[in-house]
There are 2 protein chains.
Amino acid sequence: MLTERQLLILQVIIDDFIRSGQPVGSRTLSKKHEIALSSATIRNEMADLEELGYIEKTHVSSGRVPSEKGYRYYVDHLLSPQRLTKEDIQKIKSIFAERIYELEKVVQKSAQILSDLTNYTSIALGPAVKENKLKRIQIIPLNQQTAVAIIVTDTGHVENHVITVPASVNPSDLEKMVNILNERLIGVPLIDLKDKIYKEVADVLRKHIHNYDSMLKTIVETLDIPQEEKMFFAGKTNMLNQPEFSDIQKIRPLMKMIEQEKDFYRLLRKHNRKGIQVTIGRENQLSGMENCSLITATYSIGDEQLGTIAILGPTRMEYSRAITILNRVASDLSTVLTKWYQNS
Amino acid sequence: MLTERQLLILQVIIDDFIRSGQPVGSRTLSKKHEIALSSATIRNEMADLEELGYIEKTHVSSGRVPSEKGYRYYVDHLLSPQRLTKEDIQKIKSIFAERIYELEKVVQKSAQILSDLTNYTSIALGPAVKENKLKRIQIIPLNQQTAVAIIVTDTGHVENHVITVPASVNPSDLEKMVNILNERLIGVPLIDLKDKIYKEVADVLRKHIHNYDSMLKTIVETLDIPQEEKMFFAGKTNMLNQPEFSDIQKIRPLMKMIEQEKDFYRLLRKHNRKGIQVTIGRENQLSGMENCSLITATYSIGDEQLGTIAILGPTRMEYSRAITILNRVASDLSTVLTKWYQNS
DNA sequence: TGTTAGCACTCAAATACACCGAGTGCTAAA
DNA sequence: TTTAGCACTCGGTGTATTTGAGTGCTAACA
């Protein structure tokens, strides 16, 4: 167990390192007015902190830098709460000022403001489309062989793709089918559509539609909806501004990962616990992210959790500020989404 | 006017520099078997080429590197034609192997293959949606105040957004309006929609629709279609692999530009002349692109030009290979689009 | 017993210096 | 016109040397 004094020293070391990026020495600390000790005393305490694994040296006679364990302790117990400036609060509010009707745009804007305010990279995982309920199916013929299938959900989300229509299918049958599908399927969550079709609608269709069999493919194609949530990035290149990544070798794998996006999709999917979560350095278990930390929060409509928004920065990150901002954005976002979309 | 020998030397210098990235000295050149001259003779020729502005020294006793003028001459007159390997041709063909129904996806895939084959960044400017012709307008009410407006074009492109519906508008009127709009506007290019509405459809609407005035806003919102062509990037981080950008300072502005995309939108818009166009270094007139070259080509359906695809690389770029590949992709793309979409 | 002053020690970073080698331009001879 | 030869330049590399910020340890002090 750490003493009060060790906690104070650990906190000041990490605060200073986060600010300066330079290893912190005992003399630097002794000059701080919150610590009234000689450098020698501090050296003794630092030696203990190092033995316990909270801080490290970069070489034998260097100052100390926080270890991952140190950051972990800092984030869990030592964060000095930050107040946002009026301007920051104002900026956050401004994105919700005008009523935006596309849910995904609001989420995207939230990611944008996060990266603007923090100068880190921000990622938002959108709501799962597959949970949405069907509002309308529409099939619009383009020519002999092709048509556009459009699916509208209760949240106003539109999915569309071009499908092939067998030559044997005539337009009036197509229309009849769409009508039946609409009658029977409105209100069904997208993910359950196929199931429902086979169990309940197939019989009806077979009875009423001429060549049901040749149409089957069209139906399946129509309901083929991407299962993945959309993801929005903002400030993808902000990592280039971090001095720890001034070496291009270090940043290349990270930028590649950010460009490809898919690793982050998996990562964020896992981060669906309510509240702020911080993963530090190798806790992320992704090579390329050894020197990064990820802070995540979830947002919701009412009690229903919709998605995750996150801030990605270097391990030497302004945790306090980032957490405060993320918290604020996530809660404002949830509030406004609840107001706009609940039971609408 | 350059002599045959100067041309040969210039070409070999640039070829070598593109390959190695190192300044090329007279002794290196004299050892090449296509040049049977002593280093001293070559030095004299190089001095002349430098005076004429085709090559430069990095410091007083360094070898020579091509100047922008040198690259320009090289691209215009000295390119040694390259043959693509069978694998390359195969890869290009593979993207067009299966019939893809979404036009934009084909374009996006083309950009992807370009960056895969060249290891440079690739950009594709999609076809202008506004030129497409209207196939169907659809308005689907979500709740009391909002509805989804969907516009389908003859190419199968779908535009959608959520609109507000005044409380005074009743559903049957909405439906009637949509019917009238569809009757009168199908086949009209999207860009002309508004014009046509005011000139020809407004009167009809006023006659048949109850509260035409309060509905006006809804109509305008519905037809509010983004005018900009979509743009697709591939290999956004490939520039990080180029040794000339190993200094993070040099690449930061460029990556920022690539992230933001809009500068490239303007740039590609201007590059709509048929055939291959190469702009070298500062010819691009964009700060951040001093050390980059852009190669563009257009693609088309039949005689109608649709858009531009481009390769962005360092000025020290494999022009010959890049041009050959781009040419091939652009022409294959045009061929296949023509086959698939002309008069469909 | 906890704190501190003092001291020897370490190591990264900066500075200085010599030297190598790849390059140049110029001159004079072939 | 070409080439051999030579003096010169300059970036890069290797080796000392110095500097300074840091450490750990010890002994004296309150």
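In this text, all values refer to a predicted model and were calculated from it rather than measured experimentally. Residue numbering restarts at 1 for every chain, and letters A, B, ... go by the order of the sequence lines. For the numbers below, each heavy atom of this structure counts, side chains included, while hydrogens, waters and symmetry mates do not.
Taking F232(A) as the reference, nothing meets the ring-ring contact (aromatic ring centres under 6.0 Å, His included) condition, with sequence neighbours excluded. Looking at residues two or more places apart in sequence or on another chain, you find no ring-ring contact (aromatic ring centres under 6.0 Å, His included) involving F17(B). Listed by chain and number, the residues in a side-chain contact (heavy atoms from CB on, under 4.5 Å) with L8(B) are V12(B), I35(B) (sequence neighbours excluded). With sequence neighbours excluded, the residues forming a ring-ring contact (aromatic ring centres under 6.0 Å, His included) with Y73(B) are Y54(B), H77(B), listed by chain and number. Listed by chain and number, the residues in a ring-ring contact (aromatic ring centres under 6.0 Å, His included) with Y120(A) amount to none (sequence neighbours excluded).
A side-chain N or O of N284(B) and one of T279(B) form a donor-acceptor pair less than 3.5 Å apart. Side chains of Q82(A) and T324(A): a donor-acceptor N/O pair is absent below 3.5 angstrom, by distance only. There is no side-chain donor-acceptor pair under 3.5 Å between Y71(A) and T315(A).
With axes fitted over five pairs at each extremity, the angle between the ends of the helix from dT1(C)-dA30(D) to dA30(C)-dT1(D) is 20° (10° resolution).
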Show the numbers, then the answer: is there a side chain to side chain contact (heavy atoms under 4.5 Å, CB included) between L2(B) and L49(B)?
CA-CA 9 Å; L2(B) 298 175; L49(B) 283 171; 4.0 Å; yes
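At a threshold of 4.5 Å between non-hydrogen side-chain atoms, the residues I258(A) and L312(A) count as touching. Side-chain contact between K236(B) and E261(B) is present, with at least one heavy-atom pair separated by less than 4.5 Å.
Applying the salt bridge (Lys or Arg N to Asp or Glu O under 4.0 Å) test to pairs two or more places apart or on separate chains, those with a residue in residues 317-327 of chain A are D88(A)-R321(A).
The main-chain N or O of G53(B) is found under 3.5 Å from a side-chain atom of S67(B) such that the two form a donor-acceptor pair. Proximity of a side-chain donor or acceptor of E45(A) to a complementary backbone N or O of I9(A) within less than 3.5 Å is not detected.
Residues from residues 54-68 of chain B that place a heavy atom under 4.0 Å from any atom of DNA chain D, listed by number: H59(B), V60(B), S61(B). A heavy-atom distance below 4.0 Å to DNA chain C is reached by these residues of residues 22-31 of chain B, ordered by number: G25(B), S26(B), T28(B).
No option in E56(B), E51(B), E50(B) other than E50(B) meets the salt bridge (Lys or Arg N to Asp or Glu O under 4.0 Å) test with R64(B).
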Which atom pairs link the protein and nucleotides 13-15 of chain C when you take only N or O atoms and keep those under 3.5 Å?
none

Distances under 3.5 Å only, N/O to N/O: pair up the protein atoms with those of nucleotides 2-4 of chain C.
from, atom 1, to, atom 2, distance (Å)
dT3(C), OP1, R5(A), NH1, 2.8
dT3(C), OP2, R5(A), NH1, 3.2
dT3(C), OP2, R5(A), NH2, 3.0
dT4(C), OP2, S38(A), N, 3.3
dT4(C), OP2, T41(A), OG1, 2.7

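What you find for S110(B) and V329(B) is that their closest heavy atoms are CB-CG1, 3.9 Å.
Atom CE of residue M317(A) and atom CD of residue Q242(A) lie 8.5 Å apart, to the nearest 0.5 angstrom.
You can see that DNA chain D meets the heavy atoms of chain B within a 4.0 Å-exclusive cut from dT2(D) to dG11(D), reading 5' to 3'.
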